[in-house]
> 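Here you go, one structure.
Chain identifiers are assigned alphabetically (A, B, ...) following the order of the sequence lines, protein sequences preceding nucleic acid strands; residue numbering begins at 1 within each chain.
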Amino acid sequence: MRLELDSLTHRYGNEPAVDDVSFGLESGELVALLGPSGCGKTTLVQAIAGHIHPTAGRVLLRGADVTDVPAESRQVSVVFQQSTLFPHMTVSENVAYGLAARDTGSERRDEVVSEYLELVDLRDQRGAYPSELSGGQRRRVELARALAPQPDLLVLDEPLSALDRTLREQLRDEIARIQRETGVTTLFVTHDQEEAMTLADRLVVMNDGTVSGIGEPRTLYESPPTPFIASFLGRSNTFSATVIDQQPLTIAVGETEITLNGSQKDVSTGSTVTCHVRPRDISFRDSANDGANLSLAAEITRVVDIGTHYDVTVRIDTGDELVVECAGNPPAVGESLSLALSERQMTVFGPG
Amino acid sequence: MRLELDSLTHRYGNEPAVDDVSFGLESGELVALLGPSGCGKTTLVQAIAGHIHPTAGRVLLRGADVTDVPAESRQVSVVFQQSTLFPHMTVSENVAYGLAARDTGSERRDEVVSEYLELVDLRDQRGAYPSELSGGQRRRVELARALAPQPDLLVLDEPLSALDRTLREQLRDEIARIQRETGVTTLFVTHDQEEAMTLADRLVVMNDGTVSGIGEPRTLYESPPTPFIASFLGRSNTFSATVIDQQPLTIAVGETEITLNGSQKDVSTGSTVTCHVRPRDISFRDSANDGANLSLAAEITRVVDIGTHYDVTVRIDTGDELVVECAGNPPAVGESLSLALSERQMTVFGPG
Amino acid sequence: LGSNTESVSVLAAGSLAHTFEDHVGPAFENETGIEVHGEYYGANAVMRMVEDRTKHPDVVVSADATLLRDRLYGEFTDWDVEFAANSVGIGYNDETTFGRRLEDGEPWYELARETDEGDLAIGDPNLDPLGYRAVQAFELAEKEYDLDGFRDEMMDVVYEEPDEPQIVAGVESGSRAGAVVYRNMAVDHESPFLEFPDAYNFADPDRADHYATVEFTTDEEGYTAEGRPVLYNATVNDEADEPEAGHQLVQFLVENPDLLDDAGLTVGDGIPRAKGAVPEEIDV
Amino acid sequence: MSLTEVFHGRRTSRTPELLVPAVLGGLILLYFALPFVAFLSRTGTANVVAGLSTPESQTAIRNSLLTAPISTAISTVLGVPLAYILARRSFPGKRLVEAVVILPLIVPPVVGGAMIITAVGRFTPIGAAATAAGIPLTDSLVGVILAQTFVAAPFVIITARAGFGAVDERLEQASRSLGYGPLSTFWNVSLPLARGAILAGVILTFARAIGEFGATMMVAYNPRTMPTRIWVDFITGGIDAIVPLALALLGITLAVLAAVQRFGRVPTVIER
Amino acid sequence: MSLTEVFHGRRTSRTPELLVPAVLGGLILLYFALPFVAFLSRTGTANVVAGLSTPESQTAIRNSLLTAPISTAISTVLGVPLAYILARRSFPGKRLVEAVVILPLIVPPVVGGAMIITAVGRFTPIGAAATAAGIPLTDSLVGVILAQTFVAAPFVIITARAGFGAVDERLEQASRSLGYGPLSTFWNVSLPLARGAILAGVILTFARAIGEFGATMMVAYNPRTMPTRIWVDFITGGIDAIVPLALALLGITLAVLAAVQRFGRVPTVIER
Ligand SMILES: Nc1ncnc2c1ncn2[C@@H]1O[C@H](COP(=O)(O)OP(=O)(O)OP(=O)(O)O)[C@@H](O)[C@H]1O
Ligand SMILES: Nc1ncnc2c1ncn2[C@@H]1O[C@H](COP(=O)(O)OP(=O)(O)OP(=O)(O)O)[C@@H](O)[C@H]1O
Ligand SMILES: [Mg+2]
Ligand SMILES: [Mg+2]
């Protein structure tokens, strides 16, 4: 393992910010660390980089315990969440700084600096000071500074959050490309699910200081192990149902009975379960929804035009409201329709 | 007009950051100011709030020229892009600060503070100091501080960019709700197209210091007036075509001829035009694509699983590569298929 | 750092600063090539610094011959040479009412009685012979003119300055109307000076007995000084680094009365006068 | 403070890293401490209590405890606003103002005292008017305060200015946008945020004022303050005689320093 | 700097806002300036050139220009590392160290000088050894440097510490993560960022050192520096006699100040 956290716990005063977190990154992996605001992501980053000493647990890098090793000996390139550009250095001096520490010759240094400034689209700002840059430009310089020394371990704490989508996607692709090409092991902290899922080989989803789930993006997205992950990894609709039968699992949603052939959920008959389905995965039944084997009756309660598509809110038998994403020609409010959803895209969580 | 910018120009030293920008917000409107990093958004915000004095042009608030009026007399609530929480005040003191200036009684003040902390989901952090909060938590306190005085004019500079999606959507909805309910005129600066389009009554899209387009989200999204807006407001595919006929407009894309009945574009026969279409609006032709009246032959070159959907890259006759978003069952690489796209969702830009 | 030329260090009473800096020093260096490094403090401070070995001068010069003998004999020296006298009087600022009326010939003791508190300054009698001489002069004047309670009256209104230099500066800068000072101090500063009559100017060695009819006891140490003539004396420290140069300097003082005269001191009859076991290098 | 904690946690494993600065710093500390140690070991501290119970010492202590706080208060009330203006505004003649602020630091205090006398001595127009009004500006406690203020005020100005300079201007902007004018913003935001620096400046000013000797000696040798009394004791009694008052002076200043730190929750004296 | 610009742009329309602080600040400026003006207007500046061309003046100027920079350099080299440690580390006895740093500020300089003599005077072991080695520690330029360093070094320590305290620790963390150890981080990041504060401290230290009189008088009355010469001129010639050297002293200090500002691009003297 390139990077491993072993039962890491950190308290600020008495407040535990991170509680018994363990996970590892294999060499060459790109793992996204994902979780809501305040869940402890930055705390983990600081512990990995060596700027806080964890209350308990160990940090291992390249197989060795580095919990007591100072930051400069850890060889981890970090983009911090809060800007840490050196205000007394120009953009290119900032980027060159990490290279100088690694004894890169000055000619080669210039080359590398140019290359990475090119990458983040800031050729023209070479000579500017950080105070003369916009918020997004600063972020890009930090990214270039972290990448330029070509580290074998990269930790990025929300590197793209201040950028517009075009640039974000472009840099995201570049990070992915660099990662693919150089095989640098990368921990990518983000609060953006889409970003995480696009980039990462694996996701570590945190909630409230603990790890809530680890796995490949599609697995976590399609078969979320916990309701938290289900709702966190994308827009989610939930509605309750009652278990009627076990083999095959049959549930009643209001008056509609649904049989789930593929699900092997260990729930007892009669218990109430929570079903989860994404707005994208519901459609209005018409001739084309062949793959969607389940049906639910619903009434349209609200239609919102959000530019790229419409959000249609519907009420089903149970009284639960679901949101359906719909690309064009939305139905009218008040209309009664049948919803189509496929078993594969529905997850059932047991009570409790 | 509640807020109006009249030929606003601002230079830092000799560098123009904003060049002759004019637009206005009607009372009760929520306008999103959108544009790539470094295009001058924050500069405009600072000019509106009264913290920079523009090199030229005027700022009008509620019909009066306030270009020379100090910030505290402008009655504009601002969330700045960089954190400006008062480090010596607790969370609740920060939120109460703006209320005290407006002579709210201290009992009422406590109520309002609680209400807004509730709104941003920070009840438990009332007594914490900003240094004890995570990046996202700080952002939320700032939002609460700006909203609490219930201003009639609100300027938000990227208020949500550090938040995870769930919270972002929740706050976005809250901002929208507050805005709807109180009718506060709001200028919402963001680099996130989706956010802008979801929230805003109108968009002002900036590029490189100037206004590139103003309009309603769906109009700008579906009929972008400039290629910049087309590509900035969402993922965009472009391919070139040659004009063959004028009435009706007929273009040749490689060897395929397409007739566009609805488009009234003023382009001369024989000239090369650029066509723009969104990845979402292309599908693979099968029985169901009745609305899509145009067809293009294509070969699949790459399929990327990005969790929520697949990005399928195809090459068409002209050699241009297009991206197609596809929810499930992607075709295999190398397959030849027919693309379906509808005239309504395609925009043609003339040469130059 | 430091120069190669020979030097001799002198610790002297503040009232002699001008004399040594501008007259004796240059002339002595001219003649012998030896630089004079002077340090100037109140006479009491001079003794104190020598006693405590805070300072270690080659030559010690006192504004009160007896003081030097009382304090330094035994441990640091056992001889001295009186080389000049001085007289006490009032230095004044002629732009003040006090000064103008003094110039108009009104008696100083009348005017002094009328001044406001702080208009007139004397040295600090606890620290400085000039201070207690002023007090003694008041007492002698009281006897001289039958001014009942004059001394005590004066002690209530005068201001006590810490150091001789401040006294004249106070008068010069407009902070005082006048001050009881030595003649040479007024000469140095080119300010107007009213010399007291011989009866209480402490300049006349012959009137030593008359002067001795008054005395002053310092607060701190209970040291009692009886009135005596202003006689400057010098000695060479037994612990001196440069005893040779020190002896040369004392000899130079003895041999150059004109120089001292120019500086505002009086070198009358009977001066110079040696006391104690004067080393043979010195010829009085 | 979390950052302190960060370093706390790692202190043990890291101290040797800063060996070179620690050695250099140790040298100057040693040089500062040596004279005190030599002084105290030479003189002993036997008769401190006796020395402090004489009426002269009592008077000197009382005068010092009366004047130094007043001088400090005047310096603070007048100096902090000036510091704020210097930190935040550009105006023609700013360099000149800055030069004036440090002049009292450059001039040896005795010379400064002499200058004060030329300005407010009793026969100058100002001094005469004040004396006529019954408030003599020299040889009085007022004179002591004048001398102390002249010499000590630059400290609080310079330190406070540094403190204001370190306050993020954006926080002031935020306060303005929340409806507070420049003065309330100063009061609510700039002042509390620069509090540490200002308190440090106040302590320095107090220390300088209570220890002020040169200018005081010129302007008001009487009534005696602790430093002038120390001088008199020194001349009359030698170096051993000054031990009681010198220790009292140090004790008072360090006590004030500790009190201000505790009360004002300034992390350390000389911080910002 | 954009922020300066912000204020620049609005200055005219805003100056009255800070009227109250401006008036308060003006009072203390007036009080600082008054003695100088009174002093100069009383004495005139006629014979300045003559006064400065005497050999005594020349020697004093030479000695001051030799010693003050050396004292400043010693204070800086030893004091800045100490300031950094005080700003960044907690350790047992830190309070004590801080107290030691401000002791020289509290003690009146003459008393400080007396203390130095008890430590390194010629009859102490240290003083005797040094004299035997041909480097007398009193009544020599070395003595002047000792006195100046003692009195002036706290300034650079205190100011530099404030400067280091204002440097964002996260920047140092970033430097560490980029592969630099604590010393190189200090050199590359902390030092340049605190440069303004440090230079300001250096200027203050220099000003204090070149103007130092009380301690110098005790430790090394000779060879004369400008302040001791001013004192001697004062007691021999009165207040008018000190004008040439006093002006020279001010001139030199202000010139050094201006040069450091220009050279070090410190926006203003007393900033941080
Ligand atoms: N210095 C501190 N002192 C006390 N509490 C702190 C400190 N820093 C963080 N916390 C608390 O620790 C928890 C985790 O903070 P952390 O910064 O790791 O969150 P995060 O996941 O990075 O959040 P975000 O996405 O908002 O940046 C939060 O509840 C926060 O309030
Ligand atoms: N203080 C300054 N001095 C010089 N140039 C500046 C300054 N502030 C901003 N700029 C420049 O002005 C331009 C606009 O900056 P601005 O901060 O308004 O951008 P923005 O649209 O808010 O960008 P972002 O989305 O990255 O925050 C940028 O090119 C930036 O480099
Ligand atoms: Mg974080
Ligand atoms: Mg911005």
Side-chain angles (χ1 to χ4, degrees), chain A residues 42 45-53 61 66 69-90 93-104 128-134 138 141-142 144-157, chain E residues 1-9 80 84-85 87-91 160 162-202 260-268 271-272:
Chain A
T42 298
V45 170
Q46 291 289 78
I48 295 169
H51 300 306
I52 63 175
H53 194 268
L61 291 180
V66 297
V69 169
E72 66 272 21
S73 311
R74 296 197 180 188
Q75 307 214 7
V76 183
S77 262
V78 190
V79 170
F80 296 94
Q81 187 174 10
Q82 318 272 332
S83 176
T84 58
L85 287 183
F86 302 119
H88 59 302
M89 300 185 192
T90 61
E93 285 165 357
N94 263 287
V95 176
Y97 190 68
L99 296 171
R102 279 166 178 76
D103 278 337
T104 317
Y129 283 91
S131 63
E132 297 164 3
L133 300 180
S134 80
R138 278 180 223 171
V141 179
E142 297 198 75
R145 187 178 67 179
L147 291 174
Q150 301 174 326
D152 71 337
L153 194 48
L154 193 61
V155 178
L156 309 170
D157 196 355
Chain E
M1 289 282 99
S2 69
L3 289 173
T4 331
E5 209 180 54
V6 173
F7 278 94
H8 252 299
V80 169
Y84 184 69
I85 291 182
R88 282 289 181 262
R89 294 293 156 100
S90 309
F91 50 85
F164 286 126
V167 172
D168 188 344
E169 232 164 332
R170 285 182 309 211
L171 297 179
E172 294 176 358
Q173 294 184 353
S175 172
R176 301 290 291 270
S177 275
L178 284 165
Y180 291 84
L183 284 183
S184 355
T185 294
F186 170 76
W187 194 254
N188 291 310
V189 176
S190 326
L191 205 58
L193 287 177
R195 196 197 54 187
I198 294 170
L199 282 182
V202 168
V260 171
Q261 279 182 359
R262 184 117 333 167
F263 173 72
R265 271 183 254 136
V266 195
T268 44
E271 195 158 30
R272 269 199 264 164

> So, do A:Y97 and E:V189 sit near enough that their side-chain heavy atoms are less than 4.5 Å apart?
yes
> Give, for atom CZ of E:R170 and atom CD of A:Q81, the distance between the pair rounded to the nearest 0.5 Å.
9.5 Å
> Nearest 0.5 Å, please: how far is NE2 in A:H51 from CD in E:E169?
11.0 Å
> For the residue pair E:Y180 and A:A100, what are the closest heavy atoms and their distance?
OH-CB, 3.3 Å
> To the closest 0.5 Å, what do you measure between OG1 (E:T185) and CD (A:E72)?
6.5 Å
> Once rounded to the nearest 0.5 Å, what's the spacing between atom CG of E:L171 and atom CD of A:Q82?
11.5 Å
> Are side-chain heavy atoms of A:T84 and E:Q173 found at a separation under 4.5 Å?
no
> With a 4.5 Å cut-off on side-chain heavy atoms, are A:F80 and E:S177 touching?
yes
> Using non-hydrogen atoms only, which part of A:L85 is less than 4.5 Å away from chain E: side chain, backbone, both, or neither?
backbone
> For A:E142, is it the side chain, the backbone, both, or neither that has a heavy atom closer than 4.5 Å to a heavy atom of chain E?
neither
